[in-house]
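Here the structure comes first, spelled out in structure tokens, and everything after it is commentary.
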Amino acid sequence: MLNHSKHISATEIYQFRRKILNWYKAHGRNFPWRKKSISNYQKVMAEILLQRTQADTIAKFWQPFFTKFPSWKSMLNVSLKEMEKIIKPIGLYHAKAKGLLSLAKAMKQRRGRFPKNKKALEKLPLIGPYNANAILTVIYNERQPLLDGNMTRVLERYFGKKREKEIHRDPYLQELATRVVNIENSKIINWAILDFAAKVCQARTPKCEGCVLKRKCASYKVTPY
DNA sequence: AAGCCGGGGGC
DNA sequence: GCCCCAGGCTT
């Protein structure tokens, strides 16, 4: 309907997806927040804790944090100072602590239920465009891209540069990412791309020689690192 | 649109 | 020492 990524064919998208998924079967990461058994509370909390923070850092933080805070309600009796002290090891602790207490209050008012559309989700504290998509995909099984700096880097290197500075205001990138993750189990391709970005297509030192995408990667042809 | 947050990990 | 990390909020 919009044609910003029309120059990229469905076949190219399919091949990219297939290679990433194959790579993921052998090399994908396993994290607590990817387990089916966890609560929606934990799924949302994971996305918030992960903001601008390495996944391995949150993996270590996971057990002690959720032992202390098993639910939204459990966060209501903690002072801001206490919460800041708890969040401190993962960084950005002023904003995250304040936001979490605020979100816990909002969730109490909402009786633990989340909105089911993007605009309403983004009105909640600490829930922005990325997180809203993550919630829709991981909890409600929708097909939204987890389009952060990492997925953006992979898509840009492989398919070509985005047009605008802001990820969430770039129609080409939005449309391309949406097409790429448009499969039945959308969260798997999303996780696969994030894992691929973290382990192979890294920001500073991408491991191009062993990369399964290098033959058709636009960046590899130009700068084979 | 730009600035800011932050401890920890990798190099 | 420097750069980067599953972004969002404030100005």
Side-chain angles (χ1 to χ4, degrees), chain A residues 20 24 27-35 38 40-62 64-65 80-81 83-104 106 115 118-139 142-157 162-170 173-174 177-178 180-181 186-208 225:
Chain A
I20 292 261
Y24 178 73
H27 306 289
R29 299 179 294 180
N30 199 3
F31 290 122
W33 52 90
R34 292 185 182 177
K35 293 181 182 171
I38 67 171
N40 286 349
Y41 157 74
Q42 286 178 304
K43 289 177 184 174
V44 174
M45 285 297 300
E47 303 300 338
I48 291 170
L49 296 174
L50 282 162
Q51 286 168 15
R52 297 299 290 175
T53 306
Q54 291 193 346
D56 288 334
T57 302
I58 302 306
K60 294 172 193 164
F61 189 70
W62 189 265
F65 184 84
L80 179 57
K81 287 287 181 191
M83 187 56 93
E84 285 184 342
K85 190 177 175 184
I86 292 164
I87 300 292
K88 191 160 187 173
I90 69 169
L92 300 174
Y93 57 94
H94 290 297
K96 281 185 181 175
K98 186 181 174 188
L100 281 180
L101 295 187
S102 176
L103 181 58
K118 189 167 177 174
K119 284 189 82 173
L121 281 166
E122 288 181 10
K123 288 178 181 171
L124 292 170
L126 296 182
I127 308 292
Y130 173 88
N131 239 298
N133 276 358
I135 291 169
L136 291 173
T137 302
V138 174
I139 295 182
E142 288 194 20
R143 303 179 182 186
Q144 304 289 343
L146 274 56
L147 189 53
D148 67 338
N150 297 306
M151 185 183 292
T152 298
R153 182 177 65 251
V154 175
L155 294 179
E156 282 196 283
R157 281 181 176 162
K162 69 181 189 297
R163 275 64 164 168
E164 308 291 334
K165 271 192 172 182
E166 279 288 319
I167 289 173
H168 296 282
R169 292 182 183 176
D170 188 311
L173 185 61
Q174 289 291 327
T178 301
V180 167
V181 304
S186 189
K187 65 187 171 194
I188 296 298
I189 181 65
N190 271 294
W191 288 343
I193 294 171
L194 293 180
D195 288 359
F196 184 80
K199 293 180 73 174
V200 180
C201 198
Q202 295 158 330
R204 264 185 303 174
T205 54
K207 296 174 175 155
C208 294
Y225 297 96

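All chains are named by letter (A, B, ...) in the order of the sequence lines, taking the proteins before the strands, and each is independently numbered beginning at 1. Owing to the predicted nature of the structure, the values given are computational and were not obtained by experimental measurement.
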| said: Taking the P atom in each of B/dG6 and C/dT11, what is the distance between them to the nearest angstrom? | reply: 15 Å
| Nucleotide B/dG6, atom P - distance to CG of A/L49 in whole Å | 15 Å
| request: Quick one: closest heavy-atom pair of A/R157 and A/P206, and the distance? | output: NH1-CB, 3.6 Å
| Side chain of A/R29, backbone of A/D56: donor and acceptor closer than 3.5 Å? | no
| request: Find the distance A/L50:CG to B/dG6:P and express it as a whole number of Å. | output: 18 Å
| query | Is A/L146 touching bases, backbone alone, or none of the nucleic acid, heavy atoms closer than 4.0 Å? | reply | nothing
| said: Work out how far the P atom of C/dG8 is from that of B/dG8, and round it to whole angstrom. | reply: 23 Å
| request: Quick one: closest heavy-atom pair of A/A177 and A/M151, and the distance? | output: CB-SD, 4.3 Å
| said: Does A/R34 contact C/dA6 through a side-chain donor or acceptor facing the base, at a distance under 3.5 Å? | reply: yes
| C/dA6 versus B/dA2 - spacing of their P atoms, nearest Å | 24 Å
| field | 5' precedence on DNA chain B between A/E166 and A/T205 (nearest-nucleotide basis) | value | A/E166
| request: Using a 4.0 Å heavy-atom cut-off across all strands, classify A/G128 as base, sugar-phosphate, or nothing. | output: sugar-phosphate
| Heavy-atom side-chain contact between A/L100 and A/I48 under 4.5 Å | yes
| Hey, which of A/D148, A/I189, A/V154, A/L50 is the one that makes side chain to side chain contact (heavy atoms under 4.5 Å, CB included) with A/L194? | A/D148
| task | Identify, residue by residue, the members of residues 92-101 of chain A with a heavy atom below 4.0 Å from DNA chain B, and return them in order of residue number, or none. | result | A/L92, A/Y93, A/H94, A/A95
| field | A/N131 side chain near C/dG8 phosphate (N/O to OP1/OP2, under 4.0 Å) | value | yes
| task | May I ask you to decide if A/V181's main-chain N or O and A/Q144's side chain share a donor-acceptor pair within less than 3.5 Å? | result | no
| note | Here the distance between atom P of B/dC5 and atom CD1 of A/I87, to the nearest Å, is 18 Å
| said: Using the C1' atom as the point on both nucleotides, what is the distance between B/dA1 and C/dC5, in whole Å? | reply: 23 Å
| A/R153 side-chain N/O to A/A197 backbone N/O, donor-acceptor pair under 3.5 Å | yes
| said: Distance check needed: C/dC5 P versus A/D148 CG, whole Å only. | reply: 9 Å
| Counting only N and O atoms by type, is there a donor-acceptor contact under 3.5 Å from the side chain of A/K199 to the main-chain atoms of A/H27? | yes
| remark: Taking for A/D56 and for A/T53 the nucleotide of DNA chain B with the nearest heavy atom, the one nearer the 5' end belongs to A/T53
| field | Rounded distance in Å - CG (A/L194) to C1' (C/dG7) | value | 13 Å
| Strand DNA chain B in bracket notation, Watson-Crick/G-U under 3.5 Å with | for pairs to another chain | |||||.|||||
| Would a distance-only check, ignoring hydrogens and angles, find a side-chain to backbone donor-acceptor pair under 3.5 Å from A/T152 to A/N150? | no
| A/I58 CD1 - C/dG7 P separation (whole Å) | 11 Å
| request: Return the minimal non-hydrogen interatomic distance between A/W62 and A/Q42, and the atom names on each side. | output: CH2-O, 3.7 Å
| Between C/dC5 atom C1' and A/Y130 atom OH, what is the distance in whole Å? | 12 Å
| A/F61 CZ to B/dG6 P, straight-line distance once rounded to whole Å | 14 Å
| Of the non-hydrogen atoms in A/K43 and A/I38, which two are nearest, and what is the gap between them? | CG-CD1, 3.5 Å
| field | Heavy-atom donor-acceptor pair, A/S102 side chain to A/K98 backbone, under 3.5 Å | value | no
| task | Could you tell me the separation between the CD atom of A/Q174 and the NZ atom of A/K162, rounded to the nearest 0.5 Å? | result | 11.5 Å
Extract from the structure each pairing of a protein N or O with an N or O of nucleotides 1-4 of chain C at less than 3.5 Å, listing the distance.
residue, atom, partner, partner atom, Å
C/dC3, O4', A/R204, NH1, 3.0
C/dC3, O2, A/R204, NH2, 3.2

